[in-house]
Participant: 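Before I ask anything, let me first share the structure, which is written out below as structure tokens.
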Amino acid sequence: MKRCARLGFAVGAFFFGVPVVAVSQVVVPPGSEVPIPPKEKPDSTKAKADTIKAVFGRSAGPHTADIGPQYEWNRDEMFSSGAHTLADLLARLPEATSFTSNWLASPKFVATNGDLNRVKIIYDGVELDNVDPRSGALLDLTTIDLAFLEHVMIERFANELRVHVRSWRVDRTDPSTRTDIYTGDEDTNIYRGFYGKRFSNGAGLQLGGQQYNTRSARLGGGGDALSFMGRFGIARRMWSIDAFGTRRNGSRVLQPTFGSGLSLPPFAGTHTLAYVRAAVGDQAGGPWAEVIASYMRLGETSQHFTAAEAASRKILPDTTDTTTHRAQYVASLGYARGPLRLSVADRIRAFDGDIKHAPYARLEVANKIGLVGFYGEHDATQQRNRGDLVARFTPKPFLAFAGAASTDSPEGESDVVAGVPSLRRPKTLSFRGEAGVRLVNPWVIAGIVSRDTAVLIPPSVFDTAYSVRYVGRRQGLYAGLRGKLYKDINVDVVGTRWDSAGFYQPRYQARSEINLNTRWLSRFPSGSFGLKLAYIHEYRGEIAFPTATGTRVTNASGIMSALVEIRILRGVASYQVRNFIGDQYQIVPDFFMPRSIGVYGIRWEFWN
């Protein structure tokens, strides 16, 4: 009842809070004289006209080489997609498999071609490193708040996904404010608030916050998180300086195991990302340069348990707080002119009293009929060299070919994994190729992906029993139908079949979405109305998790979800239900996912 009353107030404001202005006609009696007031002098207190200012930052994101709709989302598309985490967006790719043990607060990871260590997040040019020792080398995607992003773009290499995310920026002198209110099952509540403004001299101020909480009495694993972001700086046509920071204070309660494995222990800690950036030049054309000094920190304050208490809860004893941090400096410069983009940079990491360099270069040539891009990097932190080549060729508007090839060569002591001489990272060569035919509107896509031998790093945060494994080459085939099907009806169906079931990878997996996304401009030419209806089905086969004594296997699952969104002016009323059939299933062994979850609320944006 409390949740319904709380949401009812918000919905009432949304639908009935728009003021109505009545205009009266003044009738003047015949023969009366109506005095004409003298012309008023300009009022200096009147609001100035809204203007658009230069954006913060100058580095340009890479081109993508996908056939048909690209795997990228702007701010509106992210929130209307139904995704609550970055893992939700990545799960749409044919080579990606997402893993989580519960709802919002649980850890989330994505495997690329079965390898959990092949997803890299580039946040405003800063590569996010995992600073949580509980997760080992794997970055928990739950710690990245979608709320503070304005753009997500996925660059698909043959053996790695590089996810370029850009933080929210404002460029208008009129203040921008927004409020999001959601509530739903599993005692889920989400609140967001944003404020941003640019000033006449180019300065800008942005503030944002998000709070969510969820609880599952039966399955455990609930939690909450309070996050803040801020930006202050100044941007002119050819240069900008800004300071940005996010701070996330999150917690998770114990999630009990329903099998022979360990329970997921409780967690409480604060993640911080902050940077100062200076940039010059014009990314749209000509030379540019950018320098970033960033800082990442985790301060853990999780509950401590004695050995007896830990044994009764089936968790490992943890008796010390954890505080880890590292600095990263990025110096980059580039040139863009017509179809050509060139950039070189050095990523410098400072941690544990040492300094590591990771220089890299990127060259791209793109026009209407094709794209060729090369990326090369030497990473001293991981002691490896990698090279990536991507290409797309569109000889006709209805025909396209694309592909990628990646090499990865370890050097020095980095080829030994976890101190085990028998586990050595090999030199690898992986590739991906696909072809597409456009049928009037949507694209029919078919492709092949081949991953070379690999050393698989386990998601030890779920259970320390999962072990590192050396596996051979794997090959898979995928096919899809993507794009506009008819008028405002869209389809996004992608299925993948691997040559055999492997670790952290089902043999068969598919994601299917069909949606109606319309602004009904014939009836509302101003664009003040919008409607989105979506149906989603996600299937994955059995997945094996290796341990030192064998494997644990999750059963196949097929989950159906739906989304409804109604836009009126700048407000959006949203309702989403996941797993509306209520199936009981597992994504990670020994942890059950929630049954049907409904989340509903409003997003309301203002400019004035």
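Computed from a prediction, not measured in an experiment: that's the story for all the values here.
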Participant: If you measure from the Lys or Arg side-chain nitrogens to the Asp or Glu carboxylate oxygens, is any gap between D388 and R162 under 4.0 Å?
Facilitator: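 The answer is no: the pair does not qualify as a salt bridge.
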Participant: Measuring from Q576:CD to S561:OG, what's the distance to the nearest 0.5 Å?
Facilitator: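 Taking CD in Q576 and OG in S561, the distance rounds to 7.0 Å.
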Participant: Between the side chains of E160 and R384, is the shortest nitrogen-to-carboxylate-oxygen separation below 4.0 Å, so that they form an ion pair?
Facilitator: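 Yes, R384 and E160 are salt-bridged.
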Participant: How about F244 and F148: are their ring centroids closer than 6.0 Å?
Facilitator: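 Between F148 and F244, which both carry aromatic rings, the centre distance is not below 6.0 Å.
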Participant: Tell me whether N515 contacts the main-chain N or O of S81 through its side chain, where contact means a donor paired with an acceptor under 3.5 Å.
Facilitator: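 No.
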Participant: Compute whether any side-chain donor of one residue and acceptor of the other, for T100 and S106, lie under 3.5 angstrom apart.
Facilitator: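 T100 vs S106: donor-acceptor pair found between side chains.
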Participant: Supply the atom-to-atom distance S343 OG to L333 CG, rounded to the nearest 0.5 angstrom.
Facilitator: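 The OG atom of S343 sits 8.5 Å away from the CG atom of L333.
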Participant: Would you compute the distance between atom OH of Y470 and atom CZ of F503 and round it to the nearest 0.5 angstrom?
Facilitator: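 One finds 14.0 Å between OH of Y470 and CZ of F503.
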Participant: Main chain of Q505, side chain of R540: is a donor-acceptor contact present, judged purely on distance under 3.5 Å?
Facilitator: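 The answer is no, because no donor-acceptor pair under 3.5 Å joins these two groups.
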Participant: Could you check, using the six-membered ring where one of them is a Trp, whether F545 and F99 have ring centers closer than 6.0 angstrom?
Facilitator: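 Between F545 and F99, the centre distance is under 6.0 Å.
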Participant: Roughly how far apart are I121 CD1 and L90 CG, rounded to 0.5 Å?
Facilitator: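 Those atoms lie 6.0 Å apart.
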Participant: Check this for me: does any side-chain nitrogen of one of R362 and E155 sit under 4.0 Å from a carboxylate oxygen of the other?
Facilitator: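 Here R362 pairs with E155 in a salt bridge, since their nearest N and O are under 4.0 Å apart.
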Participant: Before accepting this row, confirm whether a basic side-chain N of the pair K120/D379 lies closer than 4.0 Å to the acidic partner's carboxylate O.
Facilitator: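 Answer for the salt bridge query: no.
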Participant: Quick one about D145 and S227 (side-chain donor to acceptor, distance below 3.5 Å, no hydrogens or angles considered), yes or no?
Facilitator: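 Indeed, the side chains of S227 and D145 share at least one donor-acceptor pair under 3.5 Å.
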Participant: Please state whether the rings of F591 and F462 are parallel, tilted or perpendicular, taking 30° and 60° as the class boundaries.
Facilitator: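 Rings of F591 and F462: tilted, as their planes differ by 30° to 60°.
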Participant: Is a side-chain donor-acceptor pair under 3.5 Å present for Q509 with T97?
Facilitator: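 Per modelled atom types, T97 and Q509 side chains form a pair under 3.5 Å.
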Participant: Nearest 0.5 Å, please: how far is OG in S430 from CD in E95?
Facilitator: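 It comes to 11.5 Å.
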Participant: May I ask you to decide whether D129 forms a salt bridge with R347, counting only side-chain N to carboxylate O separations under 4.0 Å?
Facilitator: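 Answer for the salt bridge query: no.
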Participant: Answer yes or no: is there an ion pair linking R92 with D492, defined by an N-O contact shorter than 4.0 Å?
Facilitator: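 Not counted as a salt bridge, because no side-chain N and carboxylate O are separated by less than 4.0 Å.
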Participant: Report yes or no: does R451 contribute a side-chain atom to a donor-acceptor pair with the main-chain N or O of G472 at less than 3.5 Å?
Facilitator: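 Yes, R451 side chain to G472 backbone: donor-acceptor pair under 3.5 Å.
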Participant: Please say whether more than 12 non-hydrogen atoms of neighbouring residues, nucleotides or ligands are located less than 6.0 Å from CD1 in I355.
Facilitator: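 Not buried by this count: 12 neighbours or fewer within 6.0 Å.
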Participant: Roughly how far apart are R392 CZ and D66 CG, rounded to 0.5 Å?
Facilitator: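 Spacing of CZ (R392) from CG (D66) equals 8.0 Å.
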Participant: Does Y478 have R432 sitting over its ring (NZ/CZ under 6.0 Å from centre, angle to axis within 45°)?
Facilitator: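 No - R432 does not lie over the ring of Y478 by the 6.0 Å and 45° rule.
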